[in-house]
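One structure is given here, and the rest of the page talks about it.
Here is the naming used below: chain letters follow the sequence lines, and residue numbers restart at 1 for every chain. Remember, predicted model here, so these are calculated numbers, not experimental data.
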Amino acid sequence: MLNLKFIQENPELVIERLAVKRFDACAIVEKVIALYKRRNEVQTEAETQKAGMNQLSKEIGQLFKNGKVSEANSAKERTSEIKDQIKNLESEFDVIDSELAQLQVLLPNLPSPLVPVGKGAEDNVIVATGGEMPVLPKGAKPHWELAAQYDLIDFELGVKITGAGFPVYKGFGARIQRALINFFLDQARENGYLEVQPPYMVNEASAFGTGQLPDKEGQMYHDSVDNLYLIPTAEVPVTNIFRDVIVDAKDLPIKTTAYSACFRREAGSYGKDVRGLNRLHQFDKVEVVQIAHPDKSYDSLNDMVAYVQSLVEKLGLPYRILRLCGGDMGFTSALTYDFEVWSAAQERWLEVSSVSNFESFQATRLKLRYREEGRAKPQIAHTLNGSALALPRIVAAILENYQTTDGIRVPKVLVPYLGGCEIIR
RNA sequence: GGAGAGAUGGCAGAGUGGUCGAUUGCGGCGGUCUUGAAAACCGUUGUACCGAGAGGUACCGGGGGUUCGAAUCCCUCUCUCUCCGCCA
């Protein structure tokens, strides 16, 4: 979330930048400024009254100690009026404060100056492309048909056990999942990321910390008995490792990676978007997270983009990198690069990674700070994350792009992870 | 699921109504000593908000209450630990 003081000091900037995200912030900013001003007045007045009260209490204590009981008692009589005033001021403060908090979470993050203006996906800017478009054999099939033909993924069985969007991977289908997870984790480790295994369920505070709550509540599976949420991405538990933490500036950037299953309700999805592996309720993903110094967070972003690029290149998949326009960006992001791979039989681009710099937006909620050498005041850090990578669509692209008339070839880098198997028949 | 204990600063651990943001130890930082280091000794070491500043306010798991005054008393919630039961 945005810092209130920042909004108060830079109202025009906030309104102008959020317009790029096609968000009209005028009314909210105006309210925030008025409430913020009033809150400070109330706070100052309340604290002045409290200071007087504290002083008086000390004096009463002294009077009792010195045996001046009647003076003490008359002093006590003066306290009730002050107490009432404090009570009134505090309740006014609380009302304003919660109104401010509610407004504060309505404002999206400011997009970076690099963000292109635009309405939706069609206005995203392609910043790089790579890989070679495969030439498919005649009668090439989409991945859901290949999955059935080679008995790799059983969608119907998943429906029986759980419901749509929970496929069962079998044989080489299961092994290729495991191969990809291991490959991605190994690559991340070689690139300086610390591997962690986080919980798959998080509490309310964590879901709030990364911005899933309050507004994306409907996208998460919720266990109401224990009030826990199934994670939609490892970003949530991993980033929350750093909630309420002050780190040493010299330790930045802190690079963390985790594999997790991810759970998304995907309410409102339908049609060809949800066919096969294109959109699932449960899927596997390896996530990379960085905690960065504000001066260096865009270096970290570039580092992460280059890293994800190296993964799709090693897998030999045709890809393109998009810089998302204002209208297509997420609520919490300042700058996002999406990676898409070409799924040759479906003849469409599939999003397999989203790499974002959140700047201080998440860290403000998380109270994630860093401290420079010496006794400097802690400052809000920057957070970034990216998928590296999400599995289902990678699997879809591999199945489709690597299909031949007598089997599905295994990308070279995965062969050692599949016990030397070079082709799935 | 049953029974009990507990939640205090980076960590350990005092503090049962007033001058307590909080004794002390460890750790951290700075210094003395040393060729250097260790040891020893000395000093220092929470966060947020308000304020131009001086300074003020709040925070001892969360919320509420009693009181002139609460880390301390009362109520309530949450969480953690131990033992028993069940179990991968």
Side-chain angles (χ1 to χ4, degrees), chain A residues 1-9 32-101 103-104 197 199-209 213-214 222-229 237 240-252 254 261 291 360 363-381:
Chain A
M1 59 192 174
L2 299 179
N3 180 282
L4 290 175
K5 198 171 205 164
F6 178 84
I7 299 169
Q8 192 236 356
E9 286 169 357
V32 165
I33 289 172
L35 286 171
Y36 187 79
K37 182 162 172 279
R38 180 65 192 149
R39 188 185 68 167
N40 281 2
E41 288 167 3
V42 173
Q43 182 177 353
T44 302
E45 179 58 22
E47 287 182 358
T48 305
Q49 296 288 346
K50 281 188 202 172
M53 189 71 188
N54 288 343
Q55 183 57 36
L56 191 54
S57 293
K58 276 184 192 169
E59 285 168 16
I60 290 168
Q62 276 304 320
L63 289 172
F64 275 120
K65 207 175 223 174
N66 299 334
K68 299 176 179 170
V69 177
S70 64
E71 284 180 50
N73 283 327
S74 73
K76 272 164 89 166
E77 283 165 24
R78 282 186 284 146
T79 61
S80 69
E81 197 187 333
I82 303 176
K83 277 170 85 173
D84 284 347
Q85 280 185 42
I86 291 172
K87 211 165 205 171
N88 289 337
L89 288 164
E90 279 185 333
S91 66
E92 188 183 352
F93 179 90
D94 288 344
V95 168
I96 296 171
D97 198 49
S98 75
E99 280 178 38
L100 272 173
L103 290 171
Q104 198 177 10
Q197 273 202 23
Y200 288 3
M201 301 186 92
V202 295
N203 57 29
E204 234 173 17
S206 293
F208 181 82
L213 295 180
H222 180 227
D223 164 24
S224 58
V225 176
D226 295 305
N227 196 25
L228 296 174
Y229 295 87
N240 272 283
I241 291 172
F242 302 97
R243 172 155 50 88
D244 293 320
V245 166
I246 300 173
V247 299
D248 274 348
K250 64 172 163 30
D251 294 333
L252 299 174
I254 298 171
I291 313 299
S360 59
T364 299
R365 280 192 181 205
L366 291 161
K367 296 194 179 67
L368 162 53
R369 290 161 291 173
Y370 68 95
R371 193 200 306 272
E372 303 281 5
E373 283 297 321
R375 243 184 290 171
K377 197 169 141 47
Q379 306 286 328
I380 297 290

Between B:A48 atom P and A:N40 atom CG, what is the distance in whole Å? 17 Å
For A:K50, answer base if it contacts any base atom (sugar-phosphate contacts may also be present), sugar-phosphate if it contacts only those atoms, and nothing otherwise; contact means non-hydrogen atoms under 4.0 Å. sugar-phosphate
May I have the distance from A:D244 (atom CG) to B:G62 (atom C1'), rounded to whole angstrom? 14 Å
For the side chain of A:T44, counting heavy atoms from C-beta on, which of B:A48, B:C50, B:G18 is nearest? B:C50
Heavy atoms under 4.0 Å, any strand shown: does A:R39 hit a base, just sugar-phosphate, or nothing? nothing
Show the nearest heavy-atom pair for residues A:N240 and A:G209, with the distance to one decimal. OD1-CA, 4.2 Å
Keeping A:N203 on the side-chain end and A:S206 on the backbone end, is there a donor-acceptor pair under 3.5 Å? yes
For the residue pair A:L213 and A:E204, establish whether any side-chain heavy-atom pair is separated by less than 4.5 Å. yes
Considering only the C1' atoms, how many Å lie between B:G18 and B:A3, rounded to the nearest integer? 39 Å
Using heavy atoms to find the nearest nucleotide of RNA chain B for A:Q379 and A:E90 separately, return the residue whose nucleotide is more 5′. A:Q379
Over all heavy atoms of both residues, which pair between A:A207 and A:Y229 is shortest? Give the atoms and the distance, please. CB-CD1, 4.3 Å
Say you pick atom P in B:G65 and the same atom in B:A58; how far apart are they, in whole Å? 16 Å
Please report the distance separating the P of B:G61 from the corresponding atom of B:G15, rounded so that it comes out in whole Å. 15 Å
So what is the 5' to 3' dot-bracket string for RNA chain B, if pairs are Watson-Crick or G-U wobble with both distances under 3.5 Å, crossing pairs use [ ] and | means the partner sits on another strand? ((((((((.[[[..)..(.....]]]((((((.......))))))(((((....))))).[[[[[..)....]]]]])))))))....
In whole angstrom, give the distance that lies between atom CG of A:N54 and atom C1' of B:C20. 13 Å
Which is true for A:E59 with a 4.0 Å heavy-atom rule: it touches a base, it touches only sugar-phosphate, or it touches nothing? nothing
Per the under-4.0 Å heavy-atom filter, residues of residues 68-82 of chain A near RNA chain B come out as A:K76, A:T79
Is A:F93 touching bases, backbone alone, or none of the nucleic acid, heavy atoms closer than 4.0 Å? nothing
Using whole Å, what does the distance between atom P of nucleotide B:C68 and atom CG of A:N66 come to? 19 Å
Quantified in whole Å, what is the C1' atom distance between nucleotide B:G62 and nucleotide B:U80? 14 Å
Using modelled atom types and a 3.5 Å cut-off, is there a donor and acceptor pairing between side-chain atoms of A:D97 and backbone atoms of A:F93? no
Which of these passes side-chain hydrogen bond (donor to acceptor under 3.5 Å, both in side chains) with A:E90: A:Q85, A:Q43, A:Q49, A:K50? A:K50
Quote, to the nearest angstrom, the C1' distance that separates B:C75 from B:G53. 43 Å
Which nucleotide wins on minimum distance to the side chain of A:K5, given the candidates B:C50, B:C68, B:U57? B:C50
Where is the tightest heavy-atom contact between A:I86 and A:M53, given as atom of each residue plus distance? CD1-CB, 4.0 Å
Strictly below 4.0 Å: does A:R369 bring a side-chain N or O up to OP1 or OP2 of B:A48? yes
Could you list the residues that satisfy side chain to side chain donor-acceptor pair (under 3.5 Å) with A:Y36, not counting sequence neighbours? none
Could you give the distance separating B:C60 and B:G46 at their C1' atoms, to the nearest angstrom? 12 Å
I'd like the P distance from B:A22 over to B:U44, given in whole Å. 13 Å
Assign each of A:I246 and A:E47 the nucleotide of RNA chain B bearing its closest heavy atom; nearer the 5' end lies the nucleotide of A:I246
Nearest atoms (heavy-atom pairs only) where A:L100 meets A:V32: CD2-O, 3.8 Å
Are any non-hydrogen side-chain atoms of A:R369 and A:V245 less than 4.5 angstrom apart? no
Under 4.0 Å between a side-chain N or O of A:Y36 and OP1 or OP2 of B:C49? no
Rounded to whole Å, how long is the line connecting atom CG of A:D248 with atom P of B:G28? 13 Å
Taking the same atom, C1', in B:A71 and in B:G9, what whole-Å distance lies between them? 12 Å
Checking contacts here: which listed nucleotide (B:G46, B:A58, B:G18) is nearest the side-chain heavy atoms of A:R371? B:G46
Between B:C68 atom C1' and A:Q55 atom CD, what is the distance in whole Å? 13 Å
Nearest-Å distance, NZ (A:K377) to P (B:C49)? 5 Å
Should A:H222 and A:N227 count as side-chain neighbours, where that means a heavy-atom distance under 4.5 Å? yes
Roughly, in whole Å, what's the span from CG in A:N227 to P in B:C77? 16 Å
